[in-house]
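Throughout, protein chains are lettered first and strands after them, A, B, ... in sequence-line order, and every chain is numbered starting at 1. None of the values given here were measured: they were computed from a predicted structure.
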2 protein chains.
Amino acid sequence: MLELRLVQGSLLKKVLESIKDLVNDANFDCSATGFSLQAMDSSHVALVALLLRSEGFEHYRCDRNISMGMNLGNMSKMLKCAGNDDIITIKADDGSDTVTFMFESPTQDKIADFEMKLMDIDSEHLGIPEAEYHAIVRMPSTEFARICKDLSSIGDSVVISVTKEGVKFSTRGDIGTANIVCRQNTTVDKACSCHIHLPEEATVIEMNEPVTLTFALRYMNSFTKATPLSNTVTISLSSDLPVVVEYKIAEMGYVRFYLAPKIEEDGEEEDKPKPLTD
Amino acid sequence: MLELRLVQGSLLKKVLESIKDLVNDANFDCSATGFSLQAMDSSHVALVALLLRSEGFEHYRCDRNISMGMNLGNMSKMLKCAGNDDIITIKADDGSDTVTFMFESPTQDKIADFEMKLMDIDSEHLGIPEAEYHAIVRMPSTEFARICKDLSSIGDSVVISVTKEGVKFSTRGDIGTANIVCRQNTTVDKACSCHIHLPEEATVIEMNEPVTLTFALRYMNSFTKATPLSNTVTISLSSDLPVVVEYKIAEMGYVRFYLAPKIEEDGEEEDKPKPLTD
DNA sequence: GAATATGGTA
DNA sequence: TACCATATTC
């Protein structure tokens, strides 16, 4: 028996909007710890990891560990039927091949239940080691989204370079080149007093050593679908490690996207990024 | 000679937006009583009835009963040229094969007249008997629209069940099933005082006996195009009678949509709904 | 935050 | 042509 009651249902709606374009089908894993998902994107280049900790739910009952295979497109269709203020409850009976989403309007005047068929999905659950990163950039999520969108109108790849001074996003395409530098914000104090820059709106860099890596903008732009989940995004970079783009979900967990860097080809267009798994 | 002056011209614009998708050509009937229309949709499954009473016009002159055949698409094109605050006057000379729409801007700075050719349309004017309905549901029109839209992302038909407790909208499709229950709002008093539920925002059910009927969502979604006309919608149901979905037009009349229920096929997909006329 | 208006897509 | 998604306004 599984019953997870999430008061801020819009979170789940946003989570699905953020990952459904990347992943078609995935197993949601439910345990006493929380509700989580790990899945490769359809082209096996990027990886999504979601965690919603049990503490974030108003009510969390999960009698035994269970893995529920869902088509994220269909799940998203159903969640779109929930109002943004609705309380969402996820229910599944033991051994059932369906999951039920229940939506309660804030006033309780409208109660909806949507039942969806589960699927069998075989997924390799990768253990993702906690790595030490050369550099971690935290910046406003909307700003990162804007940068990825802007750059992708010029080129296909983004070169991200981090130094103590700031982070530089560069691209190159047929029509020209572009470089966007976000300076580490050193004026947080002043910012607060003039009510323009809240700390969340600053770019903050934690750096052990400078790092420069190249990524496919196509995936970066997919990741930024998670922007509504958090005001800030964290980008963790190390040479030869997949980048981690993380959106924290308030009080509950995170959505993390992993993407392998492009190998610097001095030659030309090799459009296939390196898969995360060989 | 016909001359109807409607101060709130946006009403006529909205009326046309609400019916032009359903009906291509129709006769507008003009008499001392008012300006009305009755027409089957192009597939002869649904029926639209419009009434704008003469009292609702600032000036209403209709010397003799007249029936004017119009292409609603073209009429809508012309009405789109009226500003939302414009005063609209409909004019026709006796024996003329054209109608003129005159638009006056609130400031009288801009006066437009659009002349449209009339058409000959033979239409059977059905007498619609005033029936006693098993159940009449009144609910916020936006909520009804939302429900029809949500359900149509899951299935093609909606089963509407009314009991004293509330009204249930259900559907079933390839990806699963959905049930949305709107409880009759019994707490209108409390609601008013806490400023959340205005009476208009409550679901109210008048029921003589429980009723369960099935309808094609495609038509229901067409009907909800009339949502901008009224904050509330009234759904009148009886077994084996067409449902009536009514949007009242303030001070003037209504737009009503009639749709025959689907016959419960225990077998499979019979996509053709029963026509209202045989 | 909600509703509406507009533009793009299917 | 109709629907959806976004952008803008209240």
Side-chain angles (χ1 to χ4, degrees), chain A residues 7-11 13-14 16-18 20-21 73-74 76-87 105-107 109-110 141-142 145-146 148-150 152-153 221-222 224-229 231 250, chain B residues 8-26 41-43 45-46 48 70-86 139-156 158 173 194-198 200-201 216-233 247 250 257:
Chain A
V7 173
Q8 201 178 340
S10 61
L11 283 184
K13 283 164 66 86
K14 287 177 190 165
L16 257 102
E17 284 312 296
S18 77
K20 74 167 207 300
D21 292 341
N74 293 342
S76 161
K77 264 191 195 172
M78 291 192 164
L79 292 181
K80 282 211 173 113
C81 302
N84 278 327
D85 301 327
D86 284 4
I87 297 167
S105 73
T107 56
D109 288 341
K110 181 175 156 191
S141 56
T142 50
R146 176 65 195 261
C148 291
K149 178 171 150 280
D150 286 350
S152 61
S153 76
N221 273 312
S222 243
T224 61
K225 294 269 169 30
T227 303
L229 278 169
N231 289 325
Chain B
Q8 201 179 341
S10 61
L11 282 184
L12 193 61
K13 284 164 67 86
K14 286 177 191 167
V15 163
L16 258 102
E17 285 311 297
S18 78
I19 62 178
K20 76 169 204 304
D21 292 343
L22 211 53
V23 179
N24 297 128
D25 307 307
D41 85 293
S42 2
S43 52
V45 171
V48 186
M70 308 197 197
N71 175 289
L72 300 192
N74 293 340
M75 180 173 171
S76 162
K77 270 189 193 169
M78 291 194 166
L79 292 181
K80 281 208 173 118
C81 302
N84 277 326
D85 301 327
D86 285 5
M139 63 192 298
S141 57
T142 50
E143 190 164 325
F144 178 62
R146 175 71 196 260
I147 289 168
C148 291
K149 177 172 150 281
D150 283 349
L151 291 188
S152 62
S153 77
I154 310 291
D156 298 325
V158 57
C194 71
H195 298 288
I196 292 176
H197 278 293
L198 302 171
E200 267 198 341
E201 288 164 352
L217 276 167
R218 181 188 149 202
Y219 292 98
M220 286 292 174
N221 272 314
S222 243
F223 301 166
T224 61
K225 295 269 171 21
T227 303
L229 278 169
S230 174
N231 289 325
T232 63
V233 61
Y247 297 85
F257 301 97

Whole angstrom is fine here: how far is it from CG in B:Asp41 over to C1' in D:dA2?
15 Å
Distance in angstrom units between A:Lys13 NZ and D:dA5 P, rounded
12 Å
Could you check whether B:Asn84 gets within reach of a base, just the sugar-phosphate, or nothing at all, counting any heavy atom under 4.0 Å?
sugar-phosphate
Integer-rounded Å distance: D:dC3 P and B:Leu22 CG:
11 Å
What nucleotide, of C:dA5, D:dC3, C:dA2, holds the atom closest to the side chain of B:Lys225?
D:dC3
Which part of the nucleic acid, if any, lies within reach of A:Asp85 when heavy atoms closer than 4.0 Å are counted: base, sugar-phosphate only, or nothing?
sugar-phosphate
Mind calculating the distance between CZ (B:Phe223) and P (D:dC3) to the nearest angstrom?
13 Å
Can you check side-chain contact (heavy atoms from CB on, under 4.5 Å) on B:Phe144 and B:Met220, steps first, answer last?
CA-CA 9 Å; B:Phe144 178 62; B:Met220 286 292 174; 3.8 Å; yes
Do you know the tightest heavy-atom contact between A:Ser76 and A:Leu16?
N-CD2, 3.8 Å
Quickly work out the A:Asp86 CG to C:dG1 C1' distance and round it to whole Å.
15 Å
Between D:dC3 atom C1' and B:Asn221 atom CG, what is the distance in whole Å?
10 Å
Distance in angstrom units between B:Leu217 CG and D:dC3 P, rounded
13 Å
Give the ring-plane orientation class for B:Phe223 versus B:Phe257, where under 30° counts as parallel, over 60° as perpendicular and anything between as tilted.
parallel
D:dA2 P sits how many Å from B:Lys149 NZ, rounded?
18 Å
Quick check: do B:Met139 and A:Lys110 have side-chain heavy atoms less than 4.5 Å from each other?
no
Of the listed nucleotides (D:dA5, D:dC3, C:dA2), which one gets closest to any side-chain atom of A:Lys80?
D:dA5
